[in-house]
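Structure, as structure tokens:
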Amino acid sequence: MGKLSWTTWLYIAAVVATAVAILIHAPGRLDSAQWWEIYATLAILFGICDSTPPPLAARQSAWSPSSAATLAAVVLLGPLGAAMVGAVAVLSVRNRVPVVERLFNGAMNAVAGYAAGCTYAAVGGRPDLPMPGMAPALHGTGGAMPVAGLFPWLLGPFAAAATVHVLVNHGLLWGMLRLDRRSRVAAQQAMASSGLPLLLISDLGFAALGLVIAALWTIIGPYAAAIALVPLYVARWAMGQFAEQQRAYSATMAALCQAVETKDFYTRGHSERVSRGSGMIARQIGMRSDRAEAVTFAGMLHDVGKLGVPTNVLQKDGPLTEEEFAAIQLHPMRGLEIVREIGFLNEALTGIMHHHERMDGCGYPMGFAGQEIPEFARIIAVADAFDSMTSTRSYRKARRIGEAIAELRKAAGAQFDPKIVDAFIAALNREGWQLPGPAKPRGYEIMTSQDHDDPITPLRVVDSL
Amino acid sequence: MTVSRTAEQRWLAWQSVDSGRLLLLGVSTLLVVIALVQTAVGFSDPHHIAIAFGLFIAFGELLRLALPGGRETAPIAMSAALAYAMALKIAVPGDGHAVTAIPPLQVIAVAAIGMSIGALPHIAAGRPAGITAMSARLVAVAAVAFIYRPMANTGMFPTHLWAEFIVMAMLAALAWLIETVIAAVIRADDLRARYSVTFWDEVRVQWRLGLAVGVSAIITVLGAKVMGISELVVFAGPLLVIQLAFRRYAGIRATYLQTVRALAQVTEVGGYVESGHSGRVSRLALAVGRELGMSEPDLLNLEYAALMHDIGQLSLPGPIPGGATVLVSAADQQRIADFGAEVIRHTGVLETVADLVSCQSMPCRGGVRAPPLGSRIIRAANAFDDLVGGSADRDRIGAALERLRMDTDTEYDPGVVAALAMVTGRLPVSRL
């Protein structure tokens, strides 16, 4: 993890100290061999789950199916057992997990398990009830099942325990993310691709599996943990496939946009940088994760319609005629035409269509003004102009970042939304900006002599009067 | 306009009701009628258990899951129905447990009623009722019930836990196999593909979900011995997580395909190729590939490659007159193909697709290396579309095919051209 601030160190130390105190001082009977048998099985289950998280989850995310093991321990072993199962996270065999992170994960899971166990006991759940041996022959005929009668009434305490487990786990993690900036960025990216509701639903769903494991224990003993691994494996497979497809999807979109750009020597990498800039703004203004993702796609695709602009217009050195200017003004609509059939884009489409509108109403294609312009379009406009200014053009060298910021400030209000400009500048200070690298022409590119995105040197149009 | 289109759709829908579907619908309807009558006469069970399972089946049917390739399954409904078919003892609050001696026909009745209730909201929302898939599930559940219930109800059942477990696992596998075979037969009829190909396609797509469904059913049966009906509620949690994960996976797959389809049009908007070219070539290539017995993963790669086969034209300073790559020199064709492959290789994931694109202009024989089947298909489909365009004129199609046939000794694969003739003779390209 490298450099951690002292507050972060203090926070980790506090969580670890709490966990150690729980493990040493919490009451619990550890005397029976059966207790240890259950503990060993659940610890192995926890270890397997924790060591093979779905590829999507960020390294620090609390999200892994291991909560099933912890909550089974809550029912079978009580608070101390749950804490001890959670502490197994220290031994996670996941690749390249730093020691500090291991300690924190183990402590966090131990505290969450203990809290869940105490909640369960406090609201009426009796730990270590469904033990094998207590239940008589369950197959075959006859035989009363004392455990069975308890079950519907066990659900309430268990639900309370699962909720507390999720809350404590996420709460502790949230605290960590508040303090450590770098893991916050990583977590935000993970959130953007999966979303908080999904994480919570999955957590609760896996927690419910814990109760099923506990119940099956009375019948098949340790095999309960083994059989529970099958649904976990299938869920993990589907999540992994999703992550893989999502990566492939973004890569394909980027590659196709790049192919469109290769036609124009000066704008290579433009789409990708505008996409990144739009994402930075979206995160800065606290946009919901799915919308933030959509705006990055819109930024990626915003100029795809430029391919419909005839090459000789793009290459023209000198003032454009009215018709040629109109051809350029048409490109947002051409872009919309291409991507309209991509079902999920919805709001992103508005961003692509209106990214050349101006706050004063003098933009194109619709001449919208102020808040009439969709938020996505206002975001893309800023990132678009900034990247244009900080890239080299045939008629000028790239501007420095400071100059470009000054230009954005100057045009805020008339051309750009001042709030978006402020957010972008704040995001630039926080995350930095990667300038386009130098590139060699490969022979087939056209050398454009004007850039429709450049706010400093607007397109020259022949005065029709 | 709308009226005539719906009439046409209805006509097409009727056309697709083939003998296999009719047989399946007939069998399942017969089963349901007998089951309902029998169950209405003599219902044997605590009612609340049948109702709980029925509701759970309905819930699962409501949450149908669309898998890649236009398949629709209902994993939660299926595992609940299997669990009801195999339930042994279900704990009841209070004392002891309910010994469940459920007649097999009652299992079918409960499953059928549950599925129908779950399907109603789909029908109300204007989505397809999914009768075929529902019938397949019902037949699979019926098979399990007819084998298992007589054993369990008469007490002949092995009381050893492992024997019980193995029997249940085998029956769950049997149910999955029945469902898969029915789905494969129906799919082969729909797509005019070979049964062996569609069977392995189904196995490849469905086996993990099938495993989850089977194990879930067993967990439900065992868990219900201790937890009773509350087991269904608790276990719904993990089942929903699995379902959600698959839904997201299928969703991104669909979005991916949609996006490639849309972005493949950039060459059309840029005036490089005729409007609709990439779409027609990909439909044609898919139909030919299916005719030649290609498997689903290969077909997906073929579709991507066919959609993006002209992306390399973006490297040209300006559009080729008429956009027909068939008319430019071989060296230029290869340059376009290479550039296209380079763009696709840039994704870092579509290696096979890039290979198909890079080999699309190689002659079938006498080249540096033999191009893969997908490339040969794209080459022929592209040439065909360059010559015919969107036209449905029989003479023009015949002339184009004749021209391709003349070049089959070096340029085009004779097998591919024969399949192309078969496919275009059957339906116009717009309907493929």
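In what follows, every chain begins at residue 1, and chains take the letters A, B, ... in the order their sequences are listed. Remember, it's a predicted structure, so these values are computed and weren't measured experimentally.
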Test log, rule side chain to side chain contact (heavy atoms under 4.5 Å, CB included), inputs L256(A) and M308(B): CA-CA 9 Å; L256(A) 287 175; M308(B) 297 191 279; 3.8 Å; yes
Residue selection (most heavy-atom pairs with chain B, distance under 4.5 Å) from A248(A), S250(A), A228(A): A248(A)
Which portion of I218(B) sits near chain A, non-hydrogen atoms under 4.5 angstrom: side chain
Region of Y223(A) in contact with chain B, defined by heavy-atom distances below 4.5 Å: side chain
Minimum-distance pair of heavy atoms, taken over all atoms of S230(B) and L155(A): CB-CD1, 3.5 Å
Top of A262(B), G237(B), P238(B) for chain A proximity - count of heavy-atom pairs under 4.5 angstrom: P238(B)
Partner chain A: residue of V343(B), T267(B), I252(B) with the largest heavy-atom pair count (under 4.5 Å): I252(B)
Pairwise distance CZ(F246(B)) to CD(Q241(A)) - rounded to 0.5 angstrom: 8.5 Å
Spatial distance of atom CG (L209(A)) from atom CZ (F235(B)) [nearest 0.5 Å]: 6.5 Å
Winner by heavy-atom pair count (cut-off under 4.5 Å) against chain A, out of V266(B), V260(B), L244(B), L239(B): V266(B)
Validation row: R247(A), V349(B) side chains within 4.5 angstrom (heavy atoms): no
Listed once per pair and sorted, the salt bridge (Lys or Arg N to Asp or Glu O under 4.0 Å) pairs that draw on residues 207-234 of chain A, sequence neighbours left out: none
Toward chain A, the part of I311(B) with a non-hydrogen atom under 4.5 Å: side chain
Proximal component of L301(A), with respect to chain B [non-hydrogen, under 4.5 Å]: side chain
Straight-line distance of T255(B) OG1 to Q245(A) CD, nearest 0.5 Å: 10.0 Å
Nearest-0.5 Å distance, CD1 of residue I338(A) to CD of residue E268(B): 9.0 Å
Rounded distance (nearest 0.5 Å) linking atom OH of Y249(A) with atom CD of Q258(B): 8.0 Å
Contacting region of Q258(A) [heavy-atom separation from chain B under 4.5 Å]: side chain
Per-residue contact mode, L222(B) against chain A (heavy atom under 4.5 angstrom): both
From CD1 (I227(A)) to OG (S216(B)), nearest 0.5 Å: 9.0 Å
Side chain to side chain contact (heavy atoms under 4.5 Å, CB included) between E231(B) and V212(A), intermediate numbers included: CA-CA 7 Å; E231(B) 209 284 330; V212(A) 177; 3.9 Å; yes
Options R253(B), R208(B), H346(B), ranked by heavy-atom pairs under 4.5 Å with chain A, top entry: R208(B)
Any donor-acceptor N or O pair under 3.5 Å, side chains Y256(B), T252(A): yes
Contact class of L204(A) relative to chain B, heavy atoms under 4.5 angstrom: neither
Part of L240(B) within contact of chain A (heavy atom distance under 4.5 Å): neither
